[in-house]
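Working notes, structure below.
In what follows, residues are counted from 1 in the order of the sequence shown. Indexing begins at 1, ligand by ligand and atom by atom, following the structure's order. Please read all numbers here as calculations on a predicted model, not as lab measurements.
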Amino acid sequence: MQDKYKSSTVYQIYIKSFCDSNGDGIGDINGIRSKLPYIKSLGVKYIWITPFFCSPMADNGYDVSDYRNVNPMFGTMEDCEKMIAEADALGIGFMFDMVFNHTSDEHEWFKKALAGDPEYMDYYIFRENPPEWTSVFGGSAWKIVPSLGKSYLHLFDPKQPDLNWDNPKVREELKDVVRFWKGKGVKGFRFDVLNLISKPANLESLPAGAGASFCKDGPHIHEYIRELVEDTGIGDMITVGEMSSTTLEQCVQYSNPSGSELSMCFNFHHLKVDYKDGGKWTLMPPDLHELRRIFSEWQEGMSNAGSWQALFWCNHDQPRIVSRFGDEGQYWKESAKMLATFIHFMRGTPYIYQGEEIGMTNAHFTSIEQYKDVESLNYYGIMRDNGVSEAEALKVLGSKSRDNGRTPMQWTSGHNAGFTEGESWIGIPENYKSINAEAEDNDSGSILNYYRELVRLRKDYPIIAEGDVRFIDTGNDKVLAYERRLGGQRLAVLCNFCADDEKVTGVDIKGKVLIGNYSGTHKMMKPYEALVILEG
Ligand code: TEU
Ligand code: CA
């Protein structure tokens with residue numbers, strides 16, 4: 001295992017909403033360049049930037065039509081090279097986002113496939129009698145091409161045809177893409193929905209259902225990942241695979257300590273504890289009991305196996321965590337700090353998603369016209385078709401839409417939150433007047449400065465980076481706690497996930513308070529209190 005990222009934190013940039021440098025309302029590469037000093041001030045070592053390659057933007061860049069070129073909407077190759085070099089000079093490495101499960105339907109490979117070229121049809125998955133699978137974004141996962149008499153598989157949007165990884169030529173093409181960006185000085189990679197790439201054999205004989213559920217952790221998945229890593233020589237770089245509905249056993253292998261696969265994985269089980277009966281488009285308060293169960297299973301299981309985890313609450317696909325498991329009102333600041341504490345002291349590499357570090361909230365859109373995300377628009381239609389009222393459907397989107405995490409970064413209290421001088425491509429929540437980076441930079445008690453402290457502590461205390469982890473009982477379902485141990489040292493992390501005072505019993509620890517959001521004691525936890533105590 002590569003030690004260099006154990007004590008590091010990663011910052012995630014969703015380029016379209018980060019910073020617009022030219023007034024067209026769309027964030028861009030030069031906007032990122034202008035904010036590198038801000039990112040440096042957080043103390044992070046890596047930046048994961050979401051795709052900015054040529055794309056018709058049906059899924060905001062997760063539909064790539066040319067893997068080796070920059071989408072003119074975001075800048076030029078020269079801008080990109082400068083961005084990499086400038087970050088490098090600050091000691092920050094870029095992780096680029098490789099979308100290898102599918103391409104855009106406007107990729108030249110797919111255009112050739114559609115024209116009936118057998119060589120390129122074999123780059124994708126065409127079937128005459130496909131099973132009745134649904135896509136992640138709603139509707140069928142297959143689209144018929146009448147001129148070919150066959151349908152192609154798209155686990156996501158019809159504009160995102162799935163690649164056929166069983167074809168060695170496809171694997172070679174994708175390795176070349178990795179080598180290309182590695183050659184540009186990129187320090188790591190994030191691989192989009194990587195555990196969906198190996199499709200099951202005898203597809204046509206499979207039953208109806210959710211397409212992705214039949215494709216996860218497929219028959220050749222470990223072989224394909226090992227081949228990709230070995231042949232591109234990225235085994236000693238920081239790599240993270242996004243894993244859809246995976247298992248602990250699989251992730252132990254994906255991030256095994258020999259380094260033959262990846263540095264770490266994203267998994268999403270902890271972000272489904274507010275899905276009623278497993279369904280995303282439902283409303284339910286988080287099940288804290290389940291949250292604790294999942295974290296203890298994964299933290300302890302990965303630790304026992306020596307495998308490594310990516311730690312996160314937020315990304316561009318998730319609603320804002322303070323709105324979701326915290327409190328947007330009276331305890332906004334306390335709950336944002338508590339949630340951050342809970343993640344940042346765990347065993348793994350924490351990821352901070354742009355705006356999370358200032359406590360940005362959900363979008364609070366009030367009409368369907370404000371939504372831009374393909375999945376949100378599809379599911380709004382599906383809900384309405386199923387008789388859900390407009391008000392109820394909007395309420396569900398208000399809580400679950402990916403657009404909640406895609407509103408522009410709130411830089412200042414000025415025009416358009418300092419994001420753009422033009423008209424933003426997506427609405428900006430009114431609360432930017434008080435929730436913004438500039439105001440928090442100058443406030444020592446801010447969420448922003450608390451995050452800076454969390455990043456620093458991980459670098460300063462080996463127990464945070466390397467210690468063992470074990471969940472502990474607090475005698476109270478609302479207070480989640482774990483301890484870390486290294487050598488003779490012990491670190492206890494206690495987090496109150498509710499808005500009341502909560503009593504803690506059975507936790508015996510004496511030592512110094514490393515960080516917290518009140519000056520309390522661990523016997524009685526205040527609303528959304530977080531407390532970290534170091535013993536020894
Ligand atoms: O997301 C994959 C994924 O399965 C989810 O996070 C998904 O967006 C969510 O479950 C929908 O409810 C990745 C990217 O992060 C996402 O932005 C892309 O849309 C998707 O892959 C397709 O490339
Ligand atoms: Ca722009």
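Here H269 and W298 bring their ring centres to under 6.0 angstrom of each other. Here H316 and Y62 bring their ring centres to under 6.0 angstrom of each other.
Using the six-membered ring where Trp is involved, F110 and Y124 have ring planes that are perpendicular, over 60° apart on the 30 and 60° scheme. Classified by interplanar angle (parallel below 30°, tilted 30° to 60°, perpendicular above 60°), the ring pair F191/F100 is tilted. Using cut-offs of 30° and 60° on the angle between ring planes, the pair W109 and H107 is tilted.
Relative to the ring axis of W165, K199 does not place its NZ or CZ within 45° and under 6.0 Å from the centre.
The contact set between ligand 1 and D317, taken as ligand atoms under 4.0 Å from a residue heavy atom, comprises 1 (O), 5 (C), 6 (O), 8 (O), 13 (C), 14 (C), 15 (O), 16 (C), 17 (O). Interface atoms of ligand 1 facing E375, defined by a heavy-atom separation under 4.0 Å, are 11 (C), 12 (O). Atom numbering of ligand 1 starts at 1 in the shown order; those under 4.0 Å from a heavy atom of F137 are 19 (O). Within ligand 1, the atoms closer than 4.0 Å to a non-hydrogen atom of R406 are 17 (O), numbered from 1 in the order shown. Less than 4.0 angstrom separates some heavy atom of H316 from each of these atoms of ligand 1: 14 (C), 15 (O), 16 (C), 17 (O). Near K280, the atoms of ligand 1 lying under 4.0 angstrom from a non-hydrogen atom of the residue are 11 (C), 12 (O). Listed by number with element, the atoms of ligand 1 under 4.0 angstrom from any heavy atom of H102 are 22 (C), 23 (O).
Which of D97, N60, L196, D192 comes nearest to atom 21 (O) of ligand 1 through a heavy atom is settled by distance: it is D192. The residue from V193, T50, D59 that puts a heavy atom closest to atom 19 (O) of ligand 1 is D59.
Under a 3.5 Å cut-off, the side chain of N30 and the backbone N or O of S21 do not form any donor-acceptor pair. Looking at D162, its side chain does come within 3.5 Å of a backbone N or O of L155 through a donor-acceptor pair. W411 contributes a side-chain N or O that, together with a main-chain N or O of F18, makes up a donor-acceptor pair within less than 3.5 Å.
Taking the side chain as every heavy atom from C-beta outward, T349 and T9 never approach each other to under 4.5 Å.
Under 3.0 Å from the Ca ion (ligand 2), one finds the following protein N/O/S atoms: D20 OD1, N22 OD1, D24 OD1, I26 O, D28 OD2.
From the protein, the heavy atom lying nearest to atom 10 (O) of ligand 1 is V136 CG1, 4.5 Å. The nearest protein atom to atom 3 (C) of ligand 1, hydrogens excluded, is given as E242 OE2, 3.9 Å; this is a heavy-atom distance.
Distances from ligand 1 to the non-hydrogen atoms of K400 include no value under 4.0 Å. At least one heavy atom of R402 sits less than 4.0 Å from an atom of ligand 1. R190 counts as a contact of ligand 1, since one of its heavy atoms falls under 4.0 Å from the ligand.
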Please report, to 0.1 Å, the donor-acceptor pairs under 3.5 Å made by any side chain of residues 390-397, with sequence neighbours excluded.
none

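There is a protein heavy atom less than 4.0 angstrom from atom 12 (O) of ligand 1.
Residue pairs meeting the salt bridge (charged side-chain N to carboxylate O under 4.0 Å, His left out) criterion with at least one partner in residues 25-42, sequence neighbours excluded, are R33-E86.
For D66, the side chain to side chain donor-acceptor pair (under 3.5 Å) criterion is met by N69, not counting sequence neighbours.
Applying side-chain hydrogen bond (donor to acceptor under 3.5 Å, both in side chains) to E356 and the options W313, Y451, Y11 leaves one that passes, Y451.
Polar contact with ligand 1: absent for S244 (N/O pair, distance under 3.5 Å).
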